[in-house]
Amino acid sequence: MSENVVHLHKPTDPPTDNVTTLTVVPDAPARPVPLWVRSGRAVKAVATHESTRAAARAAARHSLYTFNGGRIAARRAWDGRTGARYERMIRAAEAAGNLEAAEEWEDRLQRFRAARHHRRMDLLHSPVDAAKGVAVGAGMSVGVLVALGVVMAVSTGQVSDVVTPLSATVDFIALLIRIVQVVWGPALSVGPFLALLALWSIGRKQHAAPAWALPANVRNGEGEPITPSIVVKALRDLGVPALRNAIKEMGDAGASMLGPITIAGCGVEVDVTLPSGVSTIEVQNRRRKLAENLTRHEHEVFITIPTAARTVRLWVADSGALDEPIGPSPLVTDDTMTVDYAKGKAPWGQDLRGDAAALSLYQRHLLITGLSNQGKTVALRSLALWLSLDRSVQFLMGDLKGVGDWAMFDGLADTLIQGPTDEHVIQVTEMVEGAVNEMNRRIQAPAGTVFPPLIVLVDEAQVAFMCPAKDADKRPYGGSKANSRYFMAVRKIHNQGRAVNVLMWQGTQDPTNENLPKLVREGAHTRASLALGTESQARMALGDKAVDGGAAPNLLRPGLDRGTLVVASDGISIPAGQSSITVRTHYIDDDAAEAITDRAKALRDGVTTLHAIDRSPEHDPLADIAAVIGDAPRVRTKDVLARLSARNADAYGGWSFIDLKRVLDDAGAEPHKSDGVMVVSRDRVVRALAHRDGEGSASAE
């Protein structure tokens with residue numbers, strides 16, 4: 001070891017005197033790692049390497065294929081020789097409560113046992129019968145060969161030919177014996193390997209190995225077809241002890257719980273009759289686990305309750321199918337479509353089976369809820385777009401979001417208010433109250449009078465319910481109390497509007513008791529919900545009956561399932577026994593919506609859309625009539641009355657045709673008939689206004 005020497009001198013001492021020597025020893029080299037430690041690390045690295053693991057899984061997999069293949073073959077042989085299969089079916093039928101099927105399988109078991117007893121009794125006599133048969137057969141064969149030899153001898157004249165056929169037969173038998181002697185040895189050596197190969201093939205086809213040992217594609221099971229055995233295994237592993245024990249008693253016959261597996265749209269559907277002691281709610285509450293057992297995502301499995309007792313209906317989507325978009329709306333592709341409000345149905349989208357989902361809007365109040373940015377406005381707007389193609393339908397619209405989602409209805413709706421402020425809520429509230437006055441006017445009309453549909457539509461209605469503004473009498477516009485103006489107006493339309501074709505449509509976010517009162521949400525005939533956050537919100541949106549029947553908008557994926565909603569309504573075709581249906585709605589963008597409204601405007605004479613409600617205490621009836629007529633050459637009297645009511649509910653809400661006729665007659669602009677209906681002429685009203693104003697100016701002079 002070398003030393004580094006450092007000489008340190010004191011300042012007062014000569015350099016050659018006292019010398020202090022400091023020896024610096026370098027760091028000692030690291031101790032070598034013992035061989036056994038390095039060997040252990042190497043062994044661990046090899047043992048944990050992915051290639052080693054894959055090899056171990058492959059060895060375990062193929063070994064278990066052979067072992068379990070033998071078990072399967074033995075089980076099949078045992079079932080073929082005994083009545084075990086019949087006994088399992090009897091237990092399965094008893095567990096399912098199907099006594100008729102149990103009796104039928106018991107009869108089959110008795111017939112099987114009788115046939116087996118008959119075969120065994122035949123075996124007692126078969127050795128003697130076989131010996132007799134061999135003796136008789138051998139004697140006849142020898143006789144035939146000798147006779148053939150005699151014929152040959154006569155033909156050839158050689159006496160030795162008598163035994164030629166017999167000796168040839170003996171030689172052939174000897175050849176066969178020699179062939180067997182040669183092949184027998186290798187066959188004994190190769191036979192066991194062939195048997196093992198056969199058992200391995202059986203095990204491989206049945207995937208008879210633990211999940212951890214199976215190949216990745218089989219282990220993941222992504223997109224695996226739904227078969228009875230997969231459904232039974234998924235139910236067995238669901239974590240319900242009574243269900244697991246019942247299936248265990250059934251053995252492989254657990255599939256007797258299942259109805260036919262049928263193709264249903266982009267998936268399959270199957271009814272499962274649960275064993276006694278298992279409730280349908282126990283299966284419903286384990287939807288995620290059931291989906292994972294079926295190698296599906298939670299949103300790809302839907303559980304509903306059909307009419308049959310103790311039965312659940314499973315709809316299982318093809319893997320990834322629900323993430324594919326559906327086709328465009330017929331409203332976009334068919335520009336010749338005609339609409340009938342009373343008899344037609346709006347093409348809204350597709351159900352999970354892939355069938356067209358159409359909704360009847362006739363005399364049904366509508367409520368659509370869902371989280372923000374899930375497609376609520378588009379779903380609601382598509383229904384209004386379809387209905388706009390019926391020229392008899394009138395619209396009063398309030399968009400409390402105010403970003404232009406409903407701008408294409410300008411020139412189509414009688415009233416269109418857009419904006420999120422308290423002032424806009426006040427305007428929308430007075431618009432709805434004007435609709436209440438129109439409803440009351442219609443109710444007081446003579447019996448048998450037919451009224452055109454009036455759709456009162458409010459999007460983002462939660463803004464109205466939560467508005468803190470109050471009027472001059474301290475009555476709140478928002479809230480859910482008896483003095484709330486918006487709440488009470490909606491309730492009045494819900495109570496009596498349907499009878500006279502005044503209908504309330506609302507779209508709202510995130511339903512709670514604060515922004516969607518109970519009486520309002522329960523007043524809607526058609527209730528639909530997009531993705532929600534909790535089950536309590538789902539119950540508020542659709543009602544307890546729909547949720548208890550399997551409706552689960554809270555299980556839809558926000559963002560991913562945009563435009564998919566759960567509908568509870570008698571206006572849409574719902575499978576028997578279900579209380580709701582899941583619909584994937586068509587997406588109609590703004591450009592397509594404008595094209596549809598252009599077609600709707602072409603069907604009308606021209607509509608002047610009001611963007612605010614006139615709340616001035618003084619009013620000029622003749623000027624207001626001219627304002628609501630707008631640029632149209634003539635407007636039906638009932639439309640004029642509806643527009644006047646929307647313009648100033650306090651002044652014109654109670655007007656009838658007689659009141660309108662009185663004002664027009666006094667001004668010299670009498671209504672007249674055109675194409676069989678009473679109309680008000682724009683030119684007559686304008687001339688009457690000009691004449692009146694002229695007289696006023698002359699008198700002033």
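Note that the numbering runs from 1 along the sequence shown for the chain. Because only heavy atoms are used, hydrogens play no part in the values below, and waters and symmetry mates are left out as well, while side chains stay in.
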### Message
Surrounding CG of Leu519 (heavy atoms of other residues, nucleotides or ligands, distance under 6.0 Å), is the total greater than 12?
### Response
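Enclosed.
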### Query
With a cut-off of 6.0 Å (strictly less than), are more than 12 heavy atoms of other residues, nucleotides or ligands near CZ of Arg288?
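Not more than 12 within 6.0 Å, no.
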### Query
Of the non-hydrogen atoms in Ala73 and Ile202, which two are nearest, and what is the gap between them?
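So the minimum-distance heavy-atom pair works out to CB-CD1, 4.3 Å.
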### Message
How long is the straight-line distance from OH of Tyr362 back to CG of Leu387, given to the nearest 0.5 Å?
### Response
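Reported value, rounded in 0.5 Å steps: 12.5 Å.
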### Query
Taking the side chain from Asn285 and the backbone from Ile281, do they hold a donor-acceptor pair closer than 3.5 Å?
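Such a contact is found between Asn285 side chain and Ile281 backbone.
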### Message
Looking at every heavy atom in both Ala291 and Val301, which two are closest together, and how far apart are they?
### Response
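Answer, listing the atom of Ala291 first, then Val301: CB-CG2, 3.6 Å.
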### Task
Just do the side-chain contact (heavy atoms from CB on, under 4.5 Å) check on Ser529 and Leu565 with the steps written out, would you?
CA-CA 5 Å; Ser529 176; Leu565 45 76; 5.9 Å; no
### Query
So Leu238 and Leu290, side-chain contact (heavy atoms from CB on, under 4.5 Å) or not? Walk me through it.
CA-CA 6 Å; Leu238 203 54; Leu290 178 61; 3.6 Å; yes
### Query
Would you find a donor on one side and an acceptor on the other, under 3.5 Å apart, between the side chain of Asp355 and the backbone of Asp351?
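No.
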### Task
Would you please say whether a donor-acceptor pair under 3.5 Å links the side chains of Thr311 and Asp271?
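No, Asp271 and Thr311 have no side-chain donor paired with an acceptor closer than 3.5 Å.
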### Query
For the side chain of Arg120 and the backbone of Arg116, is there at least one donor-acceptor N/O pair under 3.5 Å apart?
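Looks like no, no N/O pair under 3.5 Å.
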### Query
Taking only residues two or more places apart in sequence or in another chain, which ones pass ring-ring contact (aromatic ring centres under 6.0 Å, His included) with Phe112?
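ring-ring contact (aromatic ring centres under 6.0 Å, His included) check on Phe112 returns Tyr86.
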### Query
Looking only at heavy atoms, what is the nearest atom pair of Ser573 and Ile581, with distance?
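Closest approach of Ser573 to Ile581, heavy atoms only: O-CD1, 3.4 Å.
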### Task
List the atom of Pro517, the atom of Phe487, and the distance in Å for their closest heavy-atom pair.
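Nearest pair, atom of Pro517 first, then Phe487: CB-CE1, 3.8 Å.
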### Query
Atom CD1 in Ile368, atom CG in Leu380: separation rounded to 0.5 Å?
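Going from the CD1 atom of Ile368 to the CG atom of Leu380 covers 4.5 Å.
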### Query
Would you say the side-chain atoms of Ser63 pair up with the backbone N or O of Ala59, donor to acceptor, closer than 3.5 Å?
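Indeed, once roles are kept as given, a pair shorter than 3.5 Å links the two residues.
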### Query
Between the side chain of Arg498 and the main-chain N/O of Arg364, is any donor-acceptor distance below 3.5 Å?
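Checked: no pair found.
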#### Entry: side-chain hydrogen bond (donor to acceptor under 3.5 Å, both in side chains): pairs with one or both residues in residues 580-589, sequence neighbours excluded
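Qualifying pairs: none.
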### Query
For Trp386, which residues count as a side chain to side chain donor-acceptor pair (under 3.5 Å) partner, sequence neighbours excluded?
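So Trp386 forms no side chain to side chain donor-acceptor pair (under 3.5 Å) with any residue.
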#### Entry: Trp348 vs Val567 side-chain heavy atoms within contact, under 4.5 Å
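Yes, their side chains come closer than 4.5 Å.
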### Message
Checking Asn513 against Arg521 for the side-chain hydrogen bond (donor to acceptor under 3.5 Å, both in side chains) test, could you report, in this order, the C-alpha distance in whole Å, the side-chain angles of both residues, the deciding distance, and whether it holds?
### Response
CA-CA 10 Å; Asn513 286 322; Arg521 60 180 184 254; 3.1 Å; yes
### Query
If you measure from CG on Asp334 to OG on Ser329, what distance do you get to the nearest 0.5 Å?
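Those atoms lie 9.5 Å apart.
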### Task
For the residue pair Ile303 and Arg313, establish whether any side-chain heavy-atom pair is separated by less than 4.5 Å.
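No, side chains not in contact.
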### Query
Is there a donor-acceptor pair closer than 3.5 Å between any side-chain N or O of Glu292 and the backbone N or O of Lys289?
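Answer holds: no.
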### Query
Donor-acceptor pair, Ser201 side chain versus Ala198 backbone, under 3.5 Å?
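No, the answer is negative, given that no donor and acceptor are paired below the 3.5 Å cut-off.
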#### Entry: For Arg557, side chain to side chain contact (heavy atoms under 4.5 Å, CB included) partners two or more places apart
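Here the qualifying residues are His299, Asp323, Leu560, Asp561.
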### Query
Under a 4.5 Å cut-off applied to non-hydrogen side-chain atoms, are Ile247 and Asn245 in contact?
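Ile247 does not reach Asn245 side chain to side chain.
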### Query
Which one of Val393, Leu366, Leu383 satisfies the side chain to side chain contact (heavy atoms under 4.5 Å, CB included) criterion with Ile455?
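Passing option: Val393.
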#### Entry: Residue list, side chain to side chain contact (heavy atoms under 4.5 Å, CB included) with Thr66, at least two apart or on another chain
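Side chain to side chain contact (heavy atoms under 4.5 Å, CB included) list for Thr66, sorted by chain: Leu196, Leu199, Trp200.
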### Task
Taking all non-hydrogen atoms of both residues into account, name the closest pair between Trp406 and Ala384 and its distance.
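What the structure gives for the nearest pair is CZ3-CB, 3.9 Å.
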### Query
Can you find a heavy atom in the side chain of Pro558 that is under 4.5 Å from one in the side chain of Leu371?
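Of all side-chain heavy-atom pairs linking Leu371 with Pro558, at least one is under 4.5 Å.
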### Message
The test is side-chain contact (heavy atoms from CB on, under 4.5 Å); show your working for Phe302 and Leu314 and say whether it passes.
### Response
CA-CA 6 Å; Phe302 287 82; Leu314 307 181; over 6 Å; no
### Whether Arg562 side chain and Asn373 backbone form a donor-acceptor pair below 3.5 Å
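Judged by distance alone, yes, a pair lies under 3.5 Å.
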### Message
So, using side chain to side chain contact (heavy atoms under 4.5 Å, CB included) as the criterion, who are the partners of Thr280 when residues are at least two apart?
### Response
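Applying side chain to side chain contact (heavy atoms under 4.5 Å, CB included) to Thr280 gives Leu274, Ile305, Val312.
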### Task
Would you check if Leu516 and Leu367 make a side-chain contact, meaning some heavy-atom pair closer than 4.5 Å?
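Contact flag for Leu516/Leu367 side chains = yes.
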#### Entry: Trace of the side-chain contact (heavy atoms from CB on, under 4.5 Å) decision for Ile226 with Val231
CA-CA 7 Å; Ile226 300 301; Val231 177; 3.5 Å; yes
### Message
Are Thr526 and Leu359 packed together at the side-chain level, in the sense that at least one heavy-atom pair is separated by less than 4.5 angstrom?
### Response
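Counting from C-beta outward, Thr526 and Leu359 do come under 4.5 Å.
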### Query
For Glu522, which residues count as a side chain to side chain donor-acceptor pair (under 3.5 Å) partner, sequence neighbours excluded?
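For Glu522, the residues satisfying side chain to side chain donor-acceptor pair (under 3.5 Å) (neighbours in sequence not counted) are Lys518.
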#### Entry: side chain to side chain donor-acceptor pair (under 3.5 Å) partners of Arg244, counting only residues at least two apart
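Here no residue qualifies.
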#### Entry: Spacing of CZ belonging to Arg113 relative to OG1 belonging to Thr82, to within rounding of 0.5 Å
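Result: 9.5 Å between the selected atoms.
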### Message
My understanding is that only residues two or more places apart in sequence, or in another chain, count here; which of them pass ring-ring contact (aromatic ring centres under 6.0 Å, His included) with His525?
### Response
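By the ring-ring contact (aromatic ring centres under 6.0 Å, His included) rule, His525 matches His365.
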#### Entry: Nearest atoms (heavy-atom pairs only) where Ala379 meets Ser382
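Scanning both residues, the minimum pair turns out to be O-OG, 2.8 Å.
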#### Entry: Option from Lys376, Arg381, Lys401 for which salt bridge (Lys or Arg N to Asp or Glu O under 4.0 Å) with Asp459 holds
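Of the listed residues Lys376, Arg381, Lys401, the salt bridge (Lys or Arg N to Asp or Glu O under 4.0 Å) partner of Asp459 is Lys376.
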### Sequence-distant partners of Glu106, side chain to side chain donor-acceptor pair (under 3.5 Å), two or more places apart
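Not a single residue meets the side chain to side chain donor-acceptor pair (under 3.5 Å) criterion with Glu106.
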### Message
Can you confirm whether Leu331 sits close enough to Leu389 that some side-chain heavy atom of one is under 4.5 Å from a side-chain heavy atom of the other?
### Response
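Answer yes - side chains close enough.
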Pairs under 3.5 angstrom only: tabulate donor-acceptor contacts from the side chains of residues 546-553 to other protein residues two or more places apart or in another chain.
residue: Asp548; atom: OD1; partner: Arg539; partner atom: NH1; Å: 3.1
residue: Asp548; atom: OD1; partner: Arg539; partner atom: NH2; Å: 3.0

### Query
Which pairs with one or both residues in residues 501-511 pass side-chain hydrogen bond (donor to acceptor under 3.5 Å, both in side chains), sequence neighbours excluded?
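Qualifying pairs, neighbours excluded: Tyr341-Asn501, Gln363-Asn501, Glu460-Gln509, Gln462-Thr508, Tyr486-Gln506, Asp510-Gln537.
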### Task
Answer whether the closest heavy-atom distance between the side chains of Met540 and Thr369 falls below 4.5 Å.
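Met540 does not reach Thr369 side chain to side chain.
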### Query
Ignoring hydrogens and geometry, is there a side-chain-to-backbone donor-acceptor pair from Arg236 to Ala234 under 3.5 Å?
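Flag not set: sc Arg236 to bb Ala234 has no pair under 3.5 Å.
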### Message
Quick check against the 3.5 Å criterion: does Glu300 have a side-chain atom that pairs as donor or acceptor with the backbone of His297?
### Response
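Side chain of Glu300 to backbone of His297, a donor-acceptor pair under 3.5 Å: yes, one is there.
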